[in-house]
Protein chains: 2
Amino acid sequence: MPIGLQVQRTAKALNRAFDQALAEAGGSLPTWLILLSLKTRRWETQRELAAAVGIEGATLTHHLEGLERHGLVERSRDPDNRRVMRVELTGEGEAAFLRLRDAALKFDRRLRAGLDEDDVDALRAALARLHANVSEAGAPR
Amino acid sequence: MPIGLQVQRTAKALNRAFDQALAEAGGSLPTWLILLSLKTRRWETQRELAAAVGIEGATLTHHLEGLERHGLVERSRDPDNRRVMRVELTGEGEAAFLRLRDAALKFDRRLRAGLDEDDVDALRAALARLHANVSEAGAPR
DNA sequence: TATTGTTATACTCTATAACTATA
DNA sequence: TATAGTTATAGAGTATAACAATA
């Protein structure tokens with residue numbers, strides 16, 4: 001079987017299972033990635049944040065609207081540069097982040113079952129290699 | 001970084017790159033998986049085929065409609081059991097399959113760059129482990 | 001003019017529920 | 001009644017293009 005096919009199938013299964021785990025904690029994959037990125041560091045612009053999550057700016061706007069509607073983030077214009085929006089977690093957003101983090105950590109433990117440290121390290125290295133192989137040359141445009 | 005997150009990110013990058021490679025060959029991931037399944041073996045029912053591809057029957061109908069509209073497959077009722085649809089590749093479907101297969105093989109070579117046989121085998125084993133870990137217990141309902 | 005973000009729109013993939021036709 | 005598949009509908013995620021506001 002082509003290795004790409006196996007990665008794809010595994011990823012599909014993982015994504016579905018992870019999505020379900022996040023849904024049970026009241027989230028989804030994109031919202032988790034966005035909350036995680038917001039907690040990990042401070043972004044100068046929404047576009048930077050979008051790039052970190054791997055989506056377009058307009059798509060991020062769409063998700064941020066949802067997060068704002070649910071009271072998880074607040075957006076305000078930067079007084080120094082009113083084109084820029086500042087995105088911040090609310091208290092409820094923090095709580096949601098913690099819930100989703102727990103779900104993610106629990107999922108990770110489940111994922112690691114039967115793999116020792118060396119296995120995981122080797123897996124990481126192989127994944128990084130695959131990632132590099134598709135990111136490099138062949139992604140023109 | 002959680003291993004799940006890394007798999008997810010790698011998978012996203014791979015899926016996008018693979019989708020692009022398939023699009024350049026005139027296909028998409030679901031159509032490729034369906035054509036591949038049709039060539040790999042004969043399925044008794046569409047539902048079996050859907051399960052092999054990892055989608056619901058209604059979703060498969062949707063894709064088969066598209067494939068039929070583009071002249072890649074033909075569907076006819078099984079005379080022995082008129083509830084059952086038989087799905088067959090047309091000549092054009094065969095040609096599309098070959099084009100997509102070439103694209104998939106080319107993609108796979110690109111993916112394997114910098115990995116030797118042992119690396120690939122280890123990767124396969126780790127992926128199988130991850131797949132099993134999410135398929136087993138934690139997928140109730 | 002260039003940059004930041006939003007709006008409008010649409011596409012793809014997916015699913016569930018109700019339905020048709022066969023058995 | 002049960003099974004195979006379709007239709008109708010919807011929702012999530014994504015993108016592009018046109019736009020408004022700001023610099």
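Order of the sequence lines fixes the chain letters, A, B, ..., with proteins taken first and strands second; residue numbering starts at 1 for each chain. Since this is a predicted model, take the numbers as computed values, not measurements.
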* Asked: Is there a donor N/O on one and an acceptor N/O on the other, under 3.5 Å, for the side chain of A:R47 and the base of C:dT4?
  -> no

* Asked: Counting just side-chain N and O atoms, does B:T61 come under 4.0 Å of either OP1 or OP2 of D:dT6?
  -> yes

* To the nearest Å, how far apart are B:W43 CH2 and D:dG5 C1'? -> 18 Å

* To do: Check each of B:K106, B:R110, B:R112 against B:D108 using the salt bridge (charged side-chain N to carboxylate O under 4.0 Å, His left out) test, and report the only one that passes.
  => B:R112

* Asked: Expressed in angstrom and rounded to an integer, what is the separation of A:Q8 atom CD from C:dC13 atom C1'?
  -> 12 Å

* Asked: Does the side chain of A:R16 get closer than 4.0 angstrom to OP1 or OP2 of C:dA15 through an N or O atom?
  -> yes

* Is B:K12 near enough to D:dT14 that one of its side-chain N or O atoms lies under 4.0 angstrom from OP1 or OP2? -> yes

* Taking the side chain of A:M85 as heavy atoms from C-beta outward, which of D:dG5, D:dT16, C:dG5 is closest to it? -> C:dG5

* Asked: Among C:dC13, D:dT14, C:dA23, which nucleotide sits nearest the side chain of B:P30?
  -> C:dC13

* Asked: How close do B:L14 and A:V7 get, heavy atom to heavy atom, and via which atoms?
  -> CD2-CG1, 3.3 Å

* **A:D19 or A:G57, whichever maps to the more 5' nucleotide of DNA chain D** => A:D19

* Structure fact -> A:E56 has its side chain closest, among D:dA15, C:dG5, C:dA15, to D:dA15

* Asked: Rounded to the Å, how far apart are B:L60 CG and D:dG5 P?
  -> 9 Å

* Could you state the CG-C1' distance from A:N81 to C:dT4, rounded to the nearest angstrom? -> 8 Å

* Could you check whether A:R77 gets within reach of a base, just the sugar-phosphate, or nothing at all, counting any heavy atom under 4.0 Å? => nothing

* Asked: Per the atom types in the model, does the base of C:dT22 pair as donor or acceptor with the side chain of B:R82 at under 3.5 Å?
  -> no

* Using only side-chain N and O atoms of B:H63, determine if any of them is under 4.0 Å from OP1 or OP2 of C:dT14. => yes

* Atom pair distance, as rounded to whole Å: CD in A:E68 and P in C:dG5 -> 14 Å

* If you measure from NE2 on A:H131 to CZ on A:R129, what distance do you get to the nearest 0.5 Å? -> 12.5 Å

* Indicate whether the side chain of A:T40 and that of A:S37 have a donor and an acceptor atom separated by less than 3.5 Å. => no

* In whole angstroms, how far is the P atom of C:dG5 from the CZ atom of A:R75? -> 10 Å

* Pair B:K39 + B:E94, salt bridge at N-O below 4.0 Å -> yes

* Remember a base hit wins even if backbone is also touched, and classify B:T45 as base, sugar-phosphate or nothing at under 4.0 Å, heavy atoms. => sugar-phosphate

* Where the side chain of A:E65 is concerned, which of D:dA15, C:dA15, C:dT7 is the nearest nucleotide? -> C:dT7

* B:E74 CD: over 12 foreign heavy atoms closer than 6.0 Å -> no

* Asked: Could you give the CG-to-P distance, from A:L49 to C:dT6, as a whole number of Å?
  -> 11 Å

* Structure fact -> Nearest-nucleotide check on DNA chain D, A:S28 vs A:A58; residue mapping nearer the 5' end is A:S28

* Structure fact -> B:Q46 atom CD is separated from C:dT22 atom P, nearest whole Å, by 15 Å

* Asked: Under 4.0 Å: is that the gap between some side-chain N or O of B:R83 and OP1 or OP2 of D:dT6?
  -> no

